Amino acid sequence: MEKSKTGYSGMISRAKELQYTLAARVVIRPFSLRRGYVAGVDAAFKSGKVIASACLLAYPGLERVEESVAVMDIDFPYVPGYLSFREAPAITEAIGKLKTRPDMIIADGQGIAHPRRIGLASHLGVLLNLPTIGAAKSRLIGTSEEPGPFKGDMAYLYHDGDVIGAVLRTRDNTKPLYVSPGHLTDLESAVAIVMSCVTRYRLPEPTRCAHNQSALNKLLV
DNA sequence: GCGACAG
DNA sequence: ATCTTGTCGC
């Protein structure tokens, strides 16, 4: 890794080119899952290392089936719009360590609700060739109305005249989630699946489980 | 030039 | 994300 923020311009521009390539491969279409496995992924950071974790849950029961972790050196700075280059390598390795290949993945970040329509979830979907959904805790881009106050209420997220996601209330009177299609899914399917993975917490179970795992492993590494 | 800005 | 304790509210 290079020195200053300005010293990263080289890797940033190269990353940007790759994003355009990957964005061209993103497929948005309806997706439904009757029964199978959904994986949640997340990453934590500790002393120069990325700790990624994947949590596999049975669907639609949401029973925890399996989990995995992957630790790697951080080789990319955090720059809004380029989160994938910081987390995707470790997350991909964690997914590969699962004995069961998931039918779909939910990531804690944006899907196509991204300047170049290739947020972390979409990026992972294309690399792994799996349906993915982005369920972020805050907004990267786009505008929307304030969704209603109750669980299930939502408002569309717009950008450049397109609907790129939904601002979804997953719990009464709680800050909403920014849901957007990652790959091989569309917005309606993404919202439906996220809601079916939500219990009594703001985060859907797959992501919530992965988050706890990475936080726990961070202490042991 | 001035903000905004996933984790 | 990370650095960090108690505290207000459902």
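This structure is a prediction, so every number in the text was calculated from the model and none was measured. Protein chains get the first letters and strands the later ones, always in sequence-line order, with residue 1 at the start of each.
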Could you tell me whether [X] contacts a base, only the sugar-phosphate backbone, or nothing, with contacts defined as non-hydrogen atoms closer than 4.0 Å?
{"X": "A:Ala44", "value": "sugar-phosphate"}
{"X": "A:Asp108", "value": "sugar-phosphate"}
{"X": "A:Tyr82", "value": "base"}
{"X": "A:Gly134", "value": "nothing"}

Can you see if the side chain of [X] gets near the phosphate of [N] - specifically, an N or O under 4.0 Å from OP1 or OP2?
{"X": "A:Lys46", "N": "C:dC3", "answer": "yes"}
{"X": "A:Tyr78", "N": "B:dA6", "answer": "yes"}
{"X": "A:Lys137", "N": "B:dG7", "answer": "yes"}
{"X": "A:Ser138", "N": "B:dG7", "answer": "yes"}
{"X": "A:Arg139", "N": "B:dA6", "answer": "no"}

Whole angstroms only, please: what is the [atom1]-[atom2] distance between [X] and [N]?
{"X": "A:Tyr178", "N": "B:dA6", "atom1": "OH", "atom2": "P", "answer": "11 Å"}
{"X": "A:Phe76", "N": "B:dA6", "atom1": "CZ", "atom2": "P", "answer": "15 Å"}
{"X": "A:Arg117", "N": "B:dA6", "atom1": "CZ", "atom2": "C1'", "answer": "14 Å"}
{"X": "A:Gln19", "N": "B:dA6", "atom1": "CD", "atom2": "P", "answer": "14 Å"}
{"X": "A:Ile74", "N": "B:dG7", "atom1": "CD1", "atom2": "C1'", "answer": "11 Å"}
{"X": "A:Leu83", "N": "B:dG7", "atom1": "CG", "atom2": "C1'", "answer": "5 Å"}
{"X": "A:Ile91", "N": "B:dG7", "atom1": "CD1", "atom2": "C1'", "answer": "10 Å"}
{"X": "A:Arg86", "N": "C:dT2", "atom1": "CZ", "atom2": "C1'", "answer": "10 Å"}

### Message
Let's go through A:Asp186 and A:Ser189 carefully: what are the C-alpha distance in whole Å and the side-chain angles of both, what is the deciding distance for side chain to side chain donor-acceptor pair (under 3.5 Å) to 0.1 Å, and is it a yes or a no?
### Response
CA-CA 5 Å; A:Asp186 61 14; A:Ser189 307; 2.5 Å; yes
### Message
Within residues 198-217 of chain A, which residues have any heavy atom lying less than 4.0 Å from an atom of DNA chain B?
### Response
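Of all residues in residues 198-217 of chain A, none places a heavy atom under 4.0 Å from DNA chain B.
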### Query
For the side chain of A:Lys218, counting heavy atoms from C-beta on, which of B:dC5, B:dG7, C:dT2 is nearest?
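Closest nucleotide to the A:Lys218 side chain: C:dT2.
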Might you confirm whether atom [atom1] of [X] has over 12 heavy atoms from other residues, nucleotides or ligands at distances under 6.0 Å?
{"X": "A:Glu188", "atom1": "CD", "value": "yes"}
{"X": "A:Tyr37", "atom1": "OH", "value": "no"}
{"X": "A:Arg25", "atom1": "CZ", "value": "no"}
{"X": "A:Phe45", "atom1": "CZ", "value": "yes"}

### Task
Measure up the A:Tyr82 and A:Phe85 rings against each other and bin them: parallel (under 30°), tilted (30 to 60°), perpendicular (over 60°).
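Plane angle between 30° and 60°, so tilted.
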### Query
How would you list all residue pairs meeting side chain to side chain donor-acceptor pair (under 3.5 Å) that involve residues 162-179 of chain A, not counting sequence neighbours?
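Counting only pairs at least two positions apart or across chains, the side chain to side chain donor-acceptor pair (under 3.5 Å) contacts touching residues 162-179 of chain A are A:Glu146-A:Arg169.
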### Task
Give the intermediate values and the outcome of side-chain contact (heavy atoms from CB on, under 4.5 Å) for residues A:His183 and A:Val27.
CA-CA 5 Å; A:His183 182 49; A:Val27 174; 3.8 Å; yes
### Query
Quick one: do A:Glu17 and A:Arg14 make a salt bridge, cutoff under 4.0 Å?
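Salt bridge absent between A:Glu17 and A:Arg14.
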### Message
On DNA chain C, compare the nucleotides closest to A:Glu87 and A:Arg171; which residue's is nearer the 5' end?
### Response
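It is A:Glu87, whose closest nucleotide lies nearer the 5' terminus.
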### Query
How does DNA chain C look in dot-bracket notation if pairs are Watson-Crick or G-U with both distances under 3.5 Å, crossing ones as [ ], other-strand ones as |?
..........
### Query
Pick from A:Leu184, A:Ile112, A:Leu187, A:Thr185: which one makes a side chain to side chain contact (heavy atoms under 4.5 Å, CB included) with A:Ile28?
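When side chain to side chain contact (heavy atoms under 4.5 Å, CB included) is applied between A:Ile28 and each of A:Leu184, A:Ile112, A:Leu187, A:Thr185, only A:Ile112 qualifies.
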